[in-house]
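Worth saying up front: this structure is predicted, and the values here are computed from it rather than measured. So you know, we letter chains A, B, ... as the sequences are listed, proteins then strands, and number each from 1.
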Protein chains: 2
Amino acid sequence: MTTGKTTTKLDGDRMSAICQGIRRAILEGALFPGDRLPEDALGESFGVSRTIARHALGQLAAEGLVDLRRNRIAMVAAPTPADARDIFDIRVGLEQQVVKHLVGQLTATQIRQLKDIVQQEHDARDGPEGASIRLATEFHIKLAEMTGRPILVRYVTEICYRAGLSLSSLGRPHSSECAISEHLLLIDTIAKGPADKAAQMMADHLEAVAARALLGGEGTRTRDLVSILAPYT
Amino acid sequence: MTTGKTTTKLDGDRMSAICQGIRRAILEGALFPGDRLPEDALGESFGVSRTIARHALGQLAAEGLVDLRRNRIAMVAAPTPADARDIFDIRVGLEQQVVKHLVGQLTATQIRQLKDIVQQEHDARDGPEGASIRLATEFHIKLAEMTGRPILVRYVTEICYRAGLSLSSLGRPHSSECAISEHLLLIDTIAKGPADKAAQMMADHLEAVAARALLGGEGTRTRDLVSILAPYT
DNA sequence: AGGACAGAAAGTGCATGCAATTGCGTGATG
DNA sequence: CATCACGCAATTGCATGCACTTTCTGTCCT
């Protein structure tokens with residue numbers, strides 16, 4: 001190993017670790033569309049060789065989070081407004097399926113888990129913006145996981161990350177307040193409410209999230225890859 | 001290059017070539033769930049090194065077509081009935097979105113293109129089974145492409161391949177007759193019909209495809225990887 | 001000052017080599 | 001005859017090296 005650090009953290013899987021790190025960095029807005037992701041810098045950050053970093057970039061490209069062009073440095077993808085529209089439409093469709101599976105099926109324990117996440121969202125209200133976004137996303141993914149359908153979970157997860165990237169690319173920072181009350185209402189309606197109403201509510205919620213965010217507004221951020229990624233390694 | 005053969009076909013991209021080859025082989029039923037895909041055999045088949053084959057396997061695993069476990073030989077994925085159910089539900093949702101975008105928007109040229117594919121399906125009726133499946137899939141993908149929404153296209157394409165794998169894994173060979181007339185009807189309804197009817201028709205069509213196929217029935221096939229893959233290199 | 005260009009630096013594309021792991025055949029054993 | 005242990009062949013995991021491409025930079029010419 002070239003890095004001096006003993007990175008032998010008994011790696012369950014080094015590659016998915018680096019993928020997950022970059023995914024989170026993107027979701028939380030630490031990595032910004034257009035940011036460069038050179039293979040060896042990545043490898044160094046995560047204590048692996050370029051081979052692994054390269055492989056990870058391939059996966060992320062397949063998920064649409066990274067732009068990969070031959071002989072060029074990988075970059076964080078920059079979704080166009082059309083892409084964002086597309087992504088949110090698909091997301092609505094997928095998450096409505098989640099709702100459909102879940103209506104009237106939530107156990108007390110599950111409701112508690114969901115409300116826990118919303119509580120965390122509430123607590124993180126004034127913290128760093130990234131945490132809010134991550135928790136909001138976590139809520140939706142948790143919901144998907146409760147269907148017990150692994151393939152649906154995979155697609156919802158992926159589209160959530162893409163949606164997050166679209167927002168950080170095209171949108172304003174984040175408005176978490178509304179999302180929180182909407183999430184609570186959503187839990188209730190999925191638990192009791194009629195299926196139609198729950199599905200519609202999910203659609204409205206997602207549309208609202210998309211709409212709330214589409215008003216430009218740039219933020220300056222650290223632009224140094226290694227310090228950006230440090231918290232995610 | 002280690003292989004004697006001059007595989008220098010001015011590779012646009014060697015990796016996506018090998019992915020596409022395996023995808024098609026799986027879709028057409030040449031590769032069967034559980035079939036082994038050793039990296040060097042693959043590399044040899046496509047005239048590339050193990051590195052590329054490995055990378056390709058990673059992509060296919062992300063798409064759910066290949067099962068990849070640490071230190072184990074890659075295998076064609078073997079979806080469970082639950083997976084299949086999941087996949088078809090998701091597929092219905094996605095393709096209904098396709099229909100929604102397309103209703104009343106098809107140009108004469110597009111209708112012609114679609115009918116051409118159906119014609120080919122008709123012609124391939126008595127040919128090899130794989131061709132029928134491939135054409136039926138091509139119909140659905142073409143439909144998705146006509147929305148001009150690349151992300152939707154990507155998801156539809158992926159889910160179509162997964163659906164194909166599920167069928168070849170769990171289903172009977174294929175019953176193309178019905179699909180052909182249903183495809184024609186679908187074109188008409190998308191072109192003129194009310195949106196609701198078209199969406200419902202798409203749902204029914206996909207349900208029918210799924211239902212028709214769920215009756216077991218094993219076929220014996222060639223089990224030699226290199227000869228299986230030869231047509232796809 | 002501004003732009004074109006050459007060479008250096010940085011980065012990717014890919015094959016290969018070696019260590020580690022798996023699994024399979026073989027033979028010993030109850 | 002079935003079962004288990006063990007060792008070798010097959011295969012993966014991963015880093016490294018080299019060729020080629022892009023990008024940066026400093027220089028020279030206008």
Side-chain angles (χ1 to χ4, degrees), chain A residues 1-22 31 34-62 66-77 223-226 229 233, chain B residues 1-22 31 34-62 66-77 223-226 229 233:
Chain A
M1 173 153 315
T2 35
T3 77
K5 305 191 296 182
T6 47
T7 329
T8 323
K9 55 171 80 165
L10 192 52
D11 15 60
D13 190 338
R14 276 107 71 75
M15 195 195 91
S16 55
I18 173 170
C19 279
Q20 200 52 36
I22 295 180
L31 280 172
D35 279 358
R36 291 156 168 256
L37 301 169
E39 294 172 358
D40 26 9
L42 242 42
E44 190 119 350
S45 280
F46 288 86
V48 297
S49 90
R50 219 160 53 79
T51 310
I52 310 295
R54 178 183 184 72
H55 209 99
L57 285 172
Q59 297 289 312
L60 294 166
V66 156
D67 241 27
L68 219 46
R69 285 161 53 199
R70 189 176 179 84
N71 281 318
R72 295 230 161 59
I73 298 182
M75 290 180 3
V76 176
R223 235 71 298 275
D224 171 45
L225 183 59
V226 34
L229 283 178
T233 49
Chain B
M1 176 152 315
T2 36
T3 75
K5 303 192 298 182
T6 48
T7 329
T8 321
K9 54 171 79 166
L10 192 51
D11 16 58
D13 190 338
R14 276 107 70 77
M15 195 195 91
S16 56
I18 174 169
C19 279
Q20 200 51 38
I22 295 180
L31 280 172
D35 279 358
R36 291 157 169 255
L37 300 169
E39 293 172 359
D40 30 9
L42 240 44
E44 190 121 349
S45 280
F46 288 87
V48 297
S49 91
R50 216 160 55 78
T51 309
I52 310 295
R54 178 183 186 72
H55 209 104
L57 285 172
Q59 297 289 313
L60 294 166
V66 156
D67 242 25
L68 219 45
R69 284 161 54 199
R70 191 175 176 85
N71 281 316
R72 297 231 163 55
I73 298 182
M75 291 180 3
V76 176
R223 233 78 289 277
D224 172 45
L225 183 60
V226 33
L229 282 177
T233 47

Could you please name the option among [options] that lies closest to any side-chain atom of [X]?
X     : options                : result
A:R70 : D:dA15, D:dT22, C:dC14 : C:dC14
B:N71 : C:dG23, C:dG11, C:dT21 : C:dT21
B:V48 : D:dT22, D:dT12, C:dA15 : C:dA15
B:R36 : D:dG13, C:dC24, C:dC14 : C:dC24
B:T51 : C:dT16, D:dC14, C:dT12 : C:dT16

Listed by chain and number, what are the side chain to side chain contact (heavy atoms under 4.5 Å, CB included) partners of B:A53, not counting sequence neighbours?
-> B:I18, B:L42
Which residues share a side chain to side chain contact (heavy atoms under 4.5 Å, CB included) with B:A77, sequence neighbours left out | B:D67, B:L165
How many Å lie between [atom1] on [X] and [atom2] on [N], as a whole number?
X     : N      : atom1 : atom2 : answer
A:L37 : C:dA10 : CG    : P     : 19 Å
A:M75 : D:dT23 : CE    : C1'   : 14 Å
A:H55 : D:dG13 : NE2   : P     : 9 Å
B:R72 : C:dC24 : CZ    : P     : 11 Å
B:D40 : C:dT16 : CG    : C1'   : 13 Å
A:R54 : D:dG13 : CZ    : C1'   : 17 Å
A:M15 : D:dT12 : CE    : P     : 16 Å
B:E39 : C:dG17 : CD    : P     : 16 Å

Looking only at heavy atoms, which two atoms of B:A61 and B:L68 are closest? And how far apart?
-> CB-CD2, 3.8 Å
Return the minimal non-hydrogen interatomic distance between A:A74 and A:L57, and the atom names on each side.
-> CB-CD1, 3.9 Å
Supply the atom-to-atom distance A:F46 CZ to A:Q20 CD, rounded to the nearest 0.5 angstrom.
-> 10.0 Å
Rounded to the nearest 0.5 Å, what separation is found between the CD1 atom of B:I73 and the CG atom of B:L37?
-> 9.5 Å
Any side chain to side chain donor-acceptor pair (under 3.5 Å) pairs touching residues 51-60 of chain A, not counting sequence neighbours?
-> A:E39-A:R54, A:S49-A:T51
When you check the phosphate oxygens OP1 and OP2 of D:dC14, does a side-chain N or O of A:R14 lie under 4.0 Å from one of them?
-> yes
No-H, no-angle donor-acceptor pair, B:R50 side chain to D:dG13 base, under 3.5 Å = yes
What string of B, S and - do you get for nucleotides 5-10 of chain D, 5' to 3', if B is base contact, S is sugar-phosphate-only contact and - is no contact with any protein heavy atom under 4.0 Å?
-> ------
